[in-house]
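First the structure, in the form of structure tokens, and then the observations on it.
Convention: sequence-line order gives letters A, B, ...; per-chain numbering from 1.
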Number of protein chains: 2
Amino acid sequence: MLKLEKIGKTYRMGDVVVPVLRGIDLTILRGDYIAIMGASGSGKSTLMNILGCLEQPSEGHYYFDAREITKIADDERTDLRNYRIGFVFQQFNLLPRLTALQNVMLPMVYAGYARGERRQRAQRMLVDVGLADRMANLPSQLSGGQQQRVAIARALVNQPDLVLADEPTGALDSRTGEEVMDLVSALHQSGITIVLVTHDAGVAARTQRIIRLQDGRIIADGELLPH
Amino acid sequence: MLKLEKIGKTYRMGDVVVPVLRGIDLTILRGDYIAIMGASGSGKSTLMNILGCLEQPSEGHYYFDAREITKIADDERTDLRNYRIGFVFQQFNLLPRLTALQNVMLPMVYAGYARGERRQRAQRMLVDVGLADRMANLPSQLSGGQQQRVAIARALVNQPDLVLADEPTGALDSRTGEEVMDLVSALHQSGITIVLVTHDAGVAARTQRIIRLQDGRIIADGELLPH
Ligand SMILES: Nc1ncnc2c1ncn2[C@@H]1O[C@H](COP(=O)(O)OP(=O)(O)OP(=O)(O)O)[C@@H](O)[C@H]1O
Ligand SMILES: Nc1ncnc2c1ncn2[C@@H]1O[C@H](COP(=O)(O)OP(=O)(O)OP(=O)(O)O)[C@@H](O)[C@H]1O
Ligand SMILES: [Mg+2]
Ligand SMILES: [Mg+2]
């Protein structure tokens, strides 16, 4: 389904060249449930941005269902992002002038749902992340962990083929984090491909494959045995 | 040093009244090392904002070194914040157009350091949080955990009397988190009062007193025995 071949990413700051990802070879199959781990600054979010078609690599090839992403047109890449990928960013990215409910309804506009159905699906998702009585709040009226849960609800509500979640439980206490992971695992059971970045070994233990990054390279990629 | 008496905080949204903190009684002594824990939405950041003079309570009294904060003038409260409190926000709050180094130098402008000394202190603090080769980066050129470490460096560089850190290791892998906590504990040893919010039991175990919030009330407040 997704194939990264010799992917590299380098940033330039003035005349300094900063290599951030190097020699990344990675195949992700439909239905995979992956945790990406690694130290702060090791390149995890950069890798997620490339997977999510938000950034172009500096070298190498990225095939999304056999289409080479680096070669397709911008608007085709945008369609892919909007219709097929759900993204939870490391710093949430909610629209500040929309309520929790409106934020969660937004992705469904592209997906062809009728308005009444968008509202109902968004309400149910907010109930599922424990925010039934916060639907009318603006992001500035929500706690850190509540904003994160709205972002998760927004990424999942469309049931996209691929969910990319960058530290989805980072701002949550352990019990709320488990409730969110129950939701993510249930979505995985329904056939969705899930790639998470996490620092939390407990979250990683719920996935089926762990990929470790160090200084921009993959140093481990292993299946988790059922337990 | 700090005394909260019957502190309450209520938000109004249209005609809905949302009680967020209630009946908070809390005394914090100079040199205390406190972890505040509790579920997402339980009121931790709101309590920190009141302690840091960023928000006024709806009821009750807050005495900072015997001065009642609710009764002093706005500019006096602002001085207190700038000179005596170091704050790490849950969503970091760096100035986007300043480099890491400039962000860390900023609090020292108020504190009367000469420019050369400000630069050197800021550089050393950034080395201490592991960002020696990222000093010239803008926040947008830093990973999530790197931004968090710049915010921590900025809060500590002035050696304020009181440090309030809202989830200071939330975006960090465990090893980087431990390095940051070594720094925080060293500052505590030098006499600074530290109040952290954390979801991480390992971080809480390094402090000396744990306060638990539930639905806006303190349900536990206990000393940690040395171990
Ligand atoms: N401006 C506001 N208007 C209305 N409600 C608010 C406002 N700010 C915060 N709240 C509500 O106050 C409650 C407590 O928020 P707070 O940010 O203190 O929680 P927290 O314990 O820090 O949670 P987290 O662990 O998720 O960061 C939440 O339920 C939130 O929805
Ligand atoms: N626009 C940029 N210009 C220069 N360097 C950048 C830029 N964006 C990211 N970097 C650098 O790339 C490296 C990897 O960043 P990335 O955000 O992928 O790390 P990460 O593994 O997600 O870290 P964290 O766990 O802290 O979130 C970092 O060292 C960062 O400083
Ligand atoms: Mg990251
Ligand atoms: Mg909070």
Which one wins on heavy-atom pair count under 4.5 Å against chain B: [options]?
options                        : result
A:N137, A:L142, A:T198, A:T176 : A:N137
A:A136, A:G41, A:G43           : A:G41
A:Q148, A:Q90, A:R134, A:K44   : A:Q90

Give a yes or no on this: more than 12 heavy atoms of other residues, nucleotides or ligands lie within 6.0 Å of atom CZ of A:R212.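 No.
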Please check if atom CD in B:Q120 has more than 12 non-hydrogen atoms from other residues, nucleotides or ligands closer than 6.0 Å.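 Counting neighbours around CD of B:Q120, 12 or fewer heavy atoms of other residues, nucleotides or ligands fall under 6.0 Å, so no.
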Donor-acceptor under 3.5 Å (A:D173 side chain, B:S40 main chain):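 Answer holds: yes.
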Would you check if the side chain of A:H199 reaches a backbone N or O of B:A171 as a donor-acceptor pair within less than 3.5 Å?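 Yes.
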Does any heavy atom of chain A fall under 4.5 Å from the side chain of B:D200, the backbone, both, or neither of them?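 Contact with chain A: none, neither part.
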Heavy-atom pairs under 4.5 Å with chain A are the metric here; pick the option from B:S45, B:G38, B:S143, B:G177 that has the most.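 Among the listed options, the one with the most contacts to chain A is B:S143.
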Let me know if A:Q146 has heavy atoms under 4.5 Å from chain B in its side chain, its backbone, both or neither.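 When you check distances to chain B, atoms from both the backbone and side chain of A:Q146 fall under 4.5 Å.
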Residue A:V18 versus chain B: region with a heavy atom under 4.5 Å: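 The answer is the side chain of A:V18.
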Quick one: CE on B:M13 to CG on A:L138, what's the gap to the nearest 0.5 Å?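 Here the interatomic distance stands at 7.0 Å.
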What's the spacing between A:M37 CE and B:S174 OG if we round to 0.5 Å?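 It comes to 7.5 Å.
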